[in-house]
Protein chains: 2
Amino acid sequence: MTYLARTKPDERVRARDLAKATDVPPAFLSKIMRALSTSGLLDAQKGHNGGFMLSRPASEIRFIDVLRAVDFQPETDHCLFGLGNCNAQNPCPLHFEWAVLKEQIEHWARSHSLADSD
Amino acid sequence: MTYLARTKPDERVRARDLAKATDVPPAFLSKIMRALSTSGLLDAQKGHNGGFMLSRPASEIRFIDVLRAVDFQPETDHCLFGLGNCNAQNPCPLHFEWAVLKEQIEHWARSHSLADSD
DNA sequence: ATTTCAATGGATTTGCAAATCCATTGACAT
DNA sequence: ATGTCAATGGATTTGCAAATCCATTGAAAT
């Protein structure tokens, strides 16, 4: 996504080229692109001169949007120790420390867009 | 480790009991305990009334020590994008943002000990 | 109309960390 | 001395995300 953010607007990039540029296996990258396309962050075009481009300006795509699209959910309250019943009332030893750090990470992802990666 | 930090000093805990308490598979936990034992954070005792205990007070075992012992190396400069040639001179789009966050995590692990998890 | 090109998406395979198994070692209790 | 118990450590298996494969779909160029 940061790669696409740095290409000219309205210029499509083929999955294959992006794969080469990022050194991610082409077939695997395609899966990721599809997820991003399905969730509306990318606009896909088949055939001649096809490829992918951001579906809206880079400044309007936050990192949290990308994370959500690829199914990473930092906002789910998953215990660092993997305990099922960990919460503020019944905290694991690192519950509050972890909550702070997690909030920092999430806040960063919420307040930064692809445009910040220029 | 935080579990052991909250048991009485000089009281040994068997891997099997710790496995049950933490819901980590016993055989897998044994491997981790061995790593922690080998790197000097745990004192192991075989046989009757054997088990593991912290090899020094909880206040003298930092989280960074535990992380290093189980082979997680937050201080290695691993690019978030997996790029081999990413550094301050040739940064990836998230190099500096990531460096800040990484430093926060590492600083936390350096400045907190198991005693902070009471 | 036909050809070419690139995304789509489901089925399949691979790779490796996670997890298991078990024979061995060493310590304590009796 | 002997039996029991718990860690040790290497070999092996499992599980699942990562990666691959390929037939299909749809779009544009000619």
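Naming: A, B, ... by sequence-line order, numbering from 1 per chain. Computed from a prediction, not measured in an experiment: that's the story for all the values here.
The side chain to side chain donor-acceptor pair (under 3.5 Å) pairs that include a residue from residues 48-61 of chain B number zero, where partners must be two or more places apart or lie in different chains.
For the pair B:D43 CG and D:dA7 C1', the computed distance is 12 Å after rounding to whole Å. Taking atom CG on B:L42 and atom C1' on D:dA6, their separation rounds to 15 Å, with Å as the unit. If you take CZ of B:F52 and P of D:dC5, they are 18 Å apart, rounded to a whole angstrom. Put simply, CZ on A:R14 is 8 Å from P on C:dA7, counting in whole angstrom units.
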Between protein and nucleotides 24-30 of chain D, map the contacts as a letter string: B base, S sugar-phosphate only, - none, heavy atoms under 4.0 Å, written 5' to 3'. -BBBBS-

Would you be so kind as to tabulate the donor-acceptor pairs closer than 3.5 Å made by side chains of residues 23-39 of chain B, with sequence neighbours excluded?
| residue | atom | partner | partner atom | Å |
| --- | --- | --- | --- | --- |
| B:S30 | OG | B:P26 | O | 3.3 |
| B:T38 | OG1 | B:R34 | O | 2.8 |
| B:S39 | OG | B:A35 | O | 2.6 |

In residues 11-19 of chain A, what donor-acceptor pairs under 3.5 Å come from side-chain atoms, sequence neighbours left out?
| residue | atom | partner | partner atom | Å |
| --- | --- | --- | --- | --- |
| A:E11 | OE1 | A:K8 | NZ | 3.2 |
| A:R12 | NH1 | A:D43 | O | 3.0 |
| A:R12 | NH1 | A:D43 | OD2 | 3.3 |
| A:R12 | NH1 | A:G51 | O | 3.3 |
| A:R12 | NH2 | A:D43 | OD2 | 2.7 |
| A:R14 | NE | A:D17 | OD2 | 3.1 |
| A:R14 | NH2 | A:D17 | OD1 | 3.3 |
| A:R14 | NH2 | A:D17 | OD2 | 3.4 |

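For the side chain to side chain contact (heavy atoms under 4.5 Å, CB included) test, residues two or more places apart in sequence or in another chain that qualify with A:A58 are A:A5, A:L54, A:L114, A:A115. In this view, B:N90 and B:N85, B:N87 satisfy the side chain to side chain contact (heavy atoms under 4.5 Å, CB included) rule, not counting sequence neighbours. Residues satisfying the ring-ring contact (aromatic ring centres under 6.0 Å, His included) criterion with A:H112, sequence neighbours excluded, are A:W108. Partners of B:E103 according to the side chain to side chain donor-acceptor pair (under 3.5 Å) rule, which considers only residues two or more places apart in sequence or in another chain, are B:R110.
In this structure, B:R16 reaches the D:dA6 phosphate: one of its side-chain N or O atoms is under 4.0 Å from OP1 or OP2.
A:L4 CG to A:M53 CE: the interatomic distance, rounded to the nearest 0.5 Å, is 9.5 Å.
Of the residues in residues 21-35 of chain A, those placing a heavy atom less than 4.0 Å from an atom of DNA chain C are A:K31, A:R34, in numerical order.
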